[in-house]
There are 2 protein chains.
Amino acid sequence: MAQVQRMSRLMVKTLRDDPADAETLNHKLLVRAGYVRRTAAGIWTWLPLGKKVYENVARVVREEMDAIGGQEVLLPALLPKEPYEASGRYEEYGDLLFRLKDRKGSDYLLGPTHEEIFTQVVKDQCSSYKDLPVILYQIQTKYRDEARPRAGVLRGREFQMKDSYSFDASDEGLAEAYALHRAAYQRIFERLGLDYRIVSAVSGAMGGSASEEFLAPAPAGEDTFVDCPECDYAANTEAVTFALKPVSVDGHPAVEELDTPDTPTIETLAEHLGVPASATLKNLLVKVDGEIVAVGVPGDREVDLGKLGEHLAPAEVELVTAEDFEGRDDLVRGYVGPQGLEKVRYIADPRVAPGTSWITGANKADRHARNVVCGRDFEVDDYLDVVVVEAGDPCPACGAGLRLDRAIEIGHIFQLGRKYADTFQLDVLGQNGKPVRVTMGSYGIGVSRAVAALVEQSADEQGLCWPAEVAPADVHVVAAGKAVQTELALDVSEQLNAAGVRVLVDDRAGVSPGVKFTDAELIGVPKILVAGRRSAEGVLELKDRRTGEREELSVAEAIARLSA
Amino acid sequence: MAQVQRMSRLMVKTLRDDPADAETLNHKLLVRAGYVRRTAAGIWTWLPLGKKVYENVARVVREEMDAIGGQEVLLPALLPKEPYEASGRYEEYGDLLFRLKDRKGSDYLLGPTHEEIFTQVVKDQCSSYKDLPVILYQIQTKYRDEARPRAGVLRGREFQMKDSYSFDASDEGLAEAYALHRAAYQRIFERLGLDYRIVSAVSGAMGGSASEEFLAPAPAGEDTFVDCPECDYAANTEAVTFALKPVSVDGHPAVEELDTPDTPTIETLAEHLGVPASATLKNLLVKVDGEIVAVGVPGDREVDLGKLGEHLAPAEVELVTAEDFEGRDDLVRGYVGPQGLEKVRYIADPRVAPGTSWITGANKADRHARNVVCGRDFEVDDYLDVVVVEAGDPCPACGAGLRLDRAIEIGHIFQLGRKYADTFQLDVLGQNGKPVRVTMGSYGIGVSRAVAALVEQSADEQGLCWPAEVAPADVHVVAAGKAVQTELALDVSEQLNAAGVRVLVDDRAGVSPGVKFTDAELIGVPKILVAGRRSAEGVLELKDRRTGEREELSVAEAIARLSA
């Protein structure tokens with residue numbers, strides 16, 4: 001049987017002040033309440049109370065993964081270089097990867113995620129379609145050498161993740177495994193008490209196709225997402241699309257060149273001409289694998305270089321420098337227009353649709369042109385969604401103005417497809433006796449990050465305020481200080497424990513009632529049961545940590561209520 | 001509720017042949033039975049069945065640590081260099097330590113054990129004697145870059161350990177924490193079903209005083225230990241002592257020089273003189289921190305350089321080379337004797353006691369001396385136990401002849417004392433208001449290694465054979481193959497599962513009964529329940545995996561028996 005946790009014996013030291021370097025709620029409160037301690041930048045120790053919360057989150061994840069037939073395994077964190085070289089990620093991860101050598105000089109890495117190794121495991125263990133489908137998962141320590149580790153346990157360099165991988169012999173199988181994970185994730189986050197949204201996502205460095213993120217809205221979040229106030233559309237900002245709506249190219253006046261001295265920027269141009277920036281066409285020059293490419297967007301919008309990079313991956317995107325203009329008389333800096341840019345690939349946002357008319361550079365110094373019509377005066381080589389999404393942009397689903405919010409990414413599900421199976425030639429014998437290439441899904445939940453997200457969403461001015469399923473205890477019993485109070489507190493604690501209630505009791509001697517009450521609020525167990533003024537009569541006060549509601553109860557009533 | 005594990009869905013691939021490179025039982029059988037898979041040298045993946053066994057071991061450890069008041073925490077594995085530099089271990093560990101740099105060039109290591117970080121945690125969290133005693137533990141991944149990782153999961157480079165640390169304000173407190181751990185370890189190893197011995201140990205690189213090892217006798221073990229057939233003495237071979245028994249120096253004949261041409265070794269000398277090697281005195285020259293030192297042992301014994309190093313640590317011990325004799329006319333190679341070696345420190349084994357008489361070098365080429373008496377003709381500067389212990393050596397407790405056996409170290413408990421508290425100035429406020437230096441204990445159990453030890457001790461020719469508490473299931477139900485048999489097997493499996501019995505059922509289609517029986521023996525679940533020949537009558541056969549005993553039972557009887 002579990003034991004009553006006594007504060008007099010528990011290693012928990014609360015602090016009144018925030019750590020000097022803390023910027024986020026989870027960092028401030030988890031340190032102040034004695035849940036975690038920083039060991040190095042982005043590297044944390046989970047103290048006894050923190051470990052309990054962490055284990056509660058892990059347990060919920062484990063139960064729901066088991067329920068969809070997931071098989072738990074444990075892979076190493078120290079991994080040989082070769083599989084990651086084969087997939088290309090040893091290089092792609094760049095500085096994010098912790099790399100090291102062993103005593104013989106062989107190269108290793110600390111696993112940031114384990115697609116390669118799981119693929120090898122399944123190649124070794126499964127040989128026939130009969131061995132599939134398989135869902136494997138682990139709850140394990142991961143490593144990413146973040147440039148700016150911060151925000152407490154929200155974004156560590158060492159952190160805990162549940163990662164799972166599905167292996168199927170058919171696309172239908174993958175779709176089913178994906179759906180199973182999606183439903184399991186919904187149950188997990190609901191049980192954890194997290195407010196979350198499921199949004200469409202681009203898959204980034206992982207490769208692959210269908211992909212959704214589970215986002216927990218919170219001001220401390222590092223992700224921005226959009227959602228629609230009118231319909232259920234929600235997406236990662238990088239995944240928002242704008243529909244291409246061509247109109248007729250006819251009926252526009254002819255192109256007219258304008259004398260526009262000293263107007264190398266959209267701002268100077270719009271002011272000079274007295275037009276809104278949105279009437280102009282901005283042409284950003286970038287280098288894609290070393291070749292200069294122009295990217296056209298409305299003058300009032302910004303190009304999202306991250307999004308552009310995602311679209312063009314694995315090609316490398318860089319900004320142009322002055323040197324790149326040497327010997328390129330066709331490129332007049334500050335006065336570039338797509339008309340007559342024959343040697344340059346032209347990428348445009350769908351807002352620059354066929355039939356739209358623009359004021360843009362005339363490809364001559366101090367000159368612009370107006371009535372430059374897409375599809376008449378210039379052609380777009382590729383349409384890509386590359387503008388930074390803004391609040392009010394139209395919802396791709398219903399057209400209503402989108403909202404923009406910050407969130408924490410707590411889960412991510414991907415249909416990887418055959419990328420890794422191709423790399424490692426993962427085939428199984430099909431029903432017809434011929435080899436079938438296996439298709440994969442990859443699914444992650446940040447377990448330590450979920451703890452941070454819970455704090456960011458649930459804490460209040462008094463401190464932590466845990467949802468029941470993850471709290472380090474069900475009830476925090478406070479002995480106000482006198483002998484009769486301590487006696488009652490310990491007695492009711494033992495009775496509650498015997499009834500299966502998880503109890504933390506503040507039985508510390510020489511600590512004032514005020515400090516104990518403040519600590520109880522800070523530590524954030526959902527119910528606080530005080531053996532105070534009326535202890536001699538056997539009457540306790542039960543307080544709800546979130547609402548602050550109080551009521552007086554007898555011991556029997558308290559036990560009945562809390563064990564219900 | 002737990003689910004029935006169906007072999008048709010479980011990722012478990014059994015092999016008939018041992019892996020080519022496997023030398024030990026645990027390596028052979030855990031791979032063949034589909035419990036683990038090698039990812040790199042000394043780096044293993046725990047597959048679904050292996051993960052279950054691993055978790056069962058971890059659960060037992062956790063329960064017993066909680067029972068002695070241990071508080072579970074989780075420290076990082078990626079650690080900053082500085083605390084290990086402060087303790088000196090960053091250098092001391094040598095090539096055993098995995099070292100790496102982050103993107104900024106700062107030095108990190110992968111934790112081999114966590115004394116330094118725990119000391120820092122307690123310094124941060126505890127300030128008064130009232131905050132002590134504290135026992136902290138974690139079950140966590142550790143790293144040691146072994147020169148020859150081998151023997152399966154017995155000696156990995158990445159492995160799982162329970163490490164715990166006690167912090168006390170007094171020596172009595174440390175003794176109590178040590179006793180608590182000792183008793184908890186006994187309960188743990190008994191519950192796991194391990195045969196073990198508790199032996200005295202020297203503490204090695206850990207520093208500190210009282211120390212015992214828990215050893216699981218097994219031929220694959222890398223440790224040698226002695227135990228006494230007459231009393232309960234047992235010890236690590238490095239910890240065996242020999243009592244110094246001085247006798248009178250009187251009554252011996254005078255020293256006599258002998259002409260002994262071409263006898264630079266004990267063998268040549270003993271043969272030339274026709275005496276047993278035990279009558280001669282061997283004087284090994286070594287360098288201790290660069291200074292030449294002679295070590296005297298009986299001619300029939302070997303010097304244990306590891307043991308010598310332990311005694312002289314932190315001084316560095318090296319063998320002498322030819323160069324070291326240059327300009328040292330007092331050292332005649334092959335003919336060294338302790339008499340007249342005035343410039344050299346003389347260390348001797350207690351067998352070279354005052355009053356014993358020896359044949360030894362005369363410090364002249366081709367000359368030896370006899371009747372050289374310790375305490376009359378030479379003095380010993382330091383007595384140290386430095387000989388390699390041999391079977392038949394006298395028991396330090398009762399004098400009977402010791403036995404020598406191989407074993408696996410599965411646990412180790414240390415009274416560290418104040419070594420780390422001194423390094424990090426870990427003080428708490430004492431009862432008298434003055435600072436008290438904290439004293440520490442350090443306690444480890446190899447969790448992954450315990451799994452290997454269980455295999456080494458319990459497997460038989462048919463395969464694995466788990467003790468009940470750690471087995472991946474309580475019963476392995478085999479459906480021989482026909483529809484009626486599969487139906488009965490699945491039905492009884494569900495009923496057993498509902499009764500709280502952990503069930504693995506072999507419901508695979510297209511697999512012969514013979515293969516299923518062989519697999520069941522290999523996988524090693526303690527009870528095997530076969531739905532075979534008499535399935536239509538509802539009669540099953542229950543087999544005990546260890547004894548091979550069989551009996552026929554009805555479904556109701558089987559459920560009653562297995563859920564008892």
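Below, chains carry the letters A, B, ... as their sequence lines are ordered, and counting in each starts from 1.
- For the set B:D66, B:L10, B:D131, the count of heavy-atom pairs under 4.5 angstrom toward chain A peaks at B:L10.
- Taking A:L74, A:T39, A:I117 one by one and counting their heavy-atom pairs under 4.5 Å with chain B, the maximum is reached by A:L74.
- In terms of heavy-atom pairs under 4.5 Å with chain B, the best-connected choice from A:V12, A:L75, A:L49 is A:L75.
- The greatest number of non-hydrogen atom pairs below 4.5 Å with chain A, out of B:D145, B:L97, B:V36, is found for B:D145.
- For B:E158, the part sitting under 4.5 Å from any heavy atom of chain A is the side chain, from C-beta outward, and nothing else.
- When heavy atoms are compared at a cutoff of 4.5 Å, A:A509 does not approach chain B at all.
- Both the backbone and the side chain of B:L78 come within contact range of chain A, each with at least one heavy atom under 4.5 Å from a heavy atom of that chain.
- Annotation for B:R148: atom CZ does not count as buried by contact number, only 12 or fewer foreign heavy atoms lying within 6.0 Å.
- What you find for B:A77 and A:Y143 is that their closest heavy atoms are CB-OH, 3.4 Å.
- Comparing A:K13, A:E82, A:R37, A:K52 by how many heavy-atom pairs each has under 4.5 Å with chain B, the most go to A:R37.
- Taking both residues in full, the closest heavy atoms of B:M11 and A:V134 are given as SD-CG1, 4.4 Å, listed atom of the first, atom of the second, then distance.
- Each of A:A40, A:P76, A:A41, A:G94 has some count of heavy-atom pairs under 4.5 Å with chain B, and the biggest count is that of A:P76.
- With a 4.5 Å cut-off on non-hydrogen atoms, B:K130 touches chain A through its backbone but not through its side chain.
- The contact between B:D95 and chain A is made by backbone and side chain atoms together, counting heavy-atom distances below 4.5 Å.
- Closest heavy-atom contact between B:Q71 and A:R9: NE2-O, 2.7 Å.
- For chain A, the nearby part of B:E146 is the backbone; its heavy atoms alone come within less than 4.5 Å.
- Using a 4.5 Å cut-off between non-hydrogen atoms, the part of residues 99-110 of chain B that approaches chain A consists of B:R99, B:L100, B:K101, B:D102, B:R103, B:K104, B:Y108, B:L110.
- At a heavy-atom cut-off of under 4.5 Å, chain A is reached by B:L136 from residues 135-142 of chain B, listed in order of number.
- Here the side chains of B:V121 and A:L47 are in contact, with some heavy-atom distance below 4.5 Å.
- Of all the heavy atoms in B:V73 and A:P48, the pair that sits closest is CG1-CD, 3.4 Å.
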